[in-house]
Amino acid sequence: MKNIRILLAAAILTGVGFLHASATDPIPPIMGRWEGKFIDPVKENGYMQTHPDLCAEVVALGGDKYHVRLFPHFFKRAHIFQEFDATATDGKIVFNQAGWKGEIAPGSFTGEAFADGKNPLKFSLKKSDYVSPTMGVKPPEGAKVLFDGKDLDAWQSKTGGPANWPILDHSILEVAPRAKNADVGGSIRTKDQFGDVRLHLEFQLPYEPEMSGQGRGNSGVFLQALYEVQVLDSFGLEGMWNECGALYHTAPPKVNACLPPGEWQTYDILFRAARFNPDGTVSEFPRITVRLNGVLVQYNEDLPDSTLTATSTQKPMPVPKEGPIELQDHSHPVHYRNIWVTPLADSAAALIEKK
Ligand code: MG
């Protein structure tokens, strides 16, 4: 009760929605990615004998509610062995679902598959310690640093005013929701304009277990202020056209590579701007390649229209030669750090030219 009073007071003082205040709750230790193997799979004459790997995602849904997915591989559109909703008691989940039974506890995820058959197959999983291979990568020579924790000199508001998102611990940029009747918060964009560009950034999603869909940890990275690479807490979801790694309304990620909220994640983006005929008409639309946490989620995808209008009835936006990079305020305290750009390297540009 005391915690609820504190959250309510914080929500009133900051103008932040009450449900967002749950981002301050500690992330339960059973939530997250788990990986391991079936034990002694030779007993089983089926798929598991040659594919003993087993992974799981445990997604917090608020209170003691969770969603659990069991499948063979991370970062592939693999089939799901089993998924189910579960309720934790004293921080543990005990499950028995269609032949899969076991227990999920802090530091331990054990159980049996085919528990109802003659040869139940035991498994044991540990919390994944996966870290993106580009986490913390330093800006290469010739890079333009857009944010290194010091200041927001490279950024401005959408209307040309100062960018006023808070910098936390001299290292982290936090999305500031737009305040009513005040020029505070709102999306920010670079003062510089970019055409062909390679972009690296790191982001951390807030823990908002009560929220779902587009209301859960939403932000976005816009190239040329028109083409959104979605930032969203999509941990444990299918990887749809509006989820993390998607080109919003345009292309779903090849696979859902989104990590749980609270973990730092990386985007590495190659953007090839549109090409134009001598009369100014577009000869080639922009194209984009995206790695989320080092995993290829978009490869050389066309961007035939702004992601802002891709499913609306508005007229297509004019295609620019250059534009700013924009970070979206979608009213969620998403964190960013280590943001820099370089011109597209010759090798990357050549790869993109192939299409
Ligand atoms: Mg967004």
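As the structure lists them, so they are numbered: ligands from 1, and atoms in each ligand from 1.
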task: Answer yes or no for R33 and F74: cation-pi contact, defined as NZ/CZ to six-membered ring centre under 6.0 Å and angle to ring axis within 45°.
output: yes

message: Strictly distance-based, threshold 3.5 Å: is any side-chain N or O of R77 a donor or acceptor partner for the main-chain N or O of E238?
response: yes

- request: State, without any angle test, whether T289 and N300 hold a side-chain donor-acceptor pair at a distance under 3.5 Å.
  value: no

query: Which residue pairs satisfy the side-chain hydrogen bond (donor to acceptor under 3.5 Å, both in side chains) criterion with at least one member in residues 88-110, sequence neighbours excluded?
result: none

task: Using the test side chain to side chain contact (heavy atoms under 4.5 Å, CB included), find all partners of N293 that sit at least two apart in sequence or belong to another chain.
output: Y130, S132, L259, Q265, T266

field: Other ILVMFWY residues reachable from M135 by side-chain steps of under 4.5 Å
entry: V131, L168, I172, W264

message: Within less than 2.8 Å, report the number of protein N/O/S atoms around the Mg ion (ligand 1).
response: 5

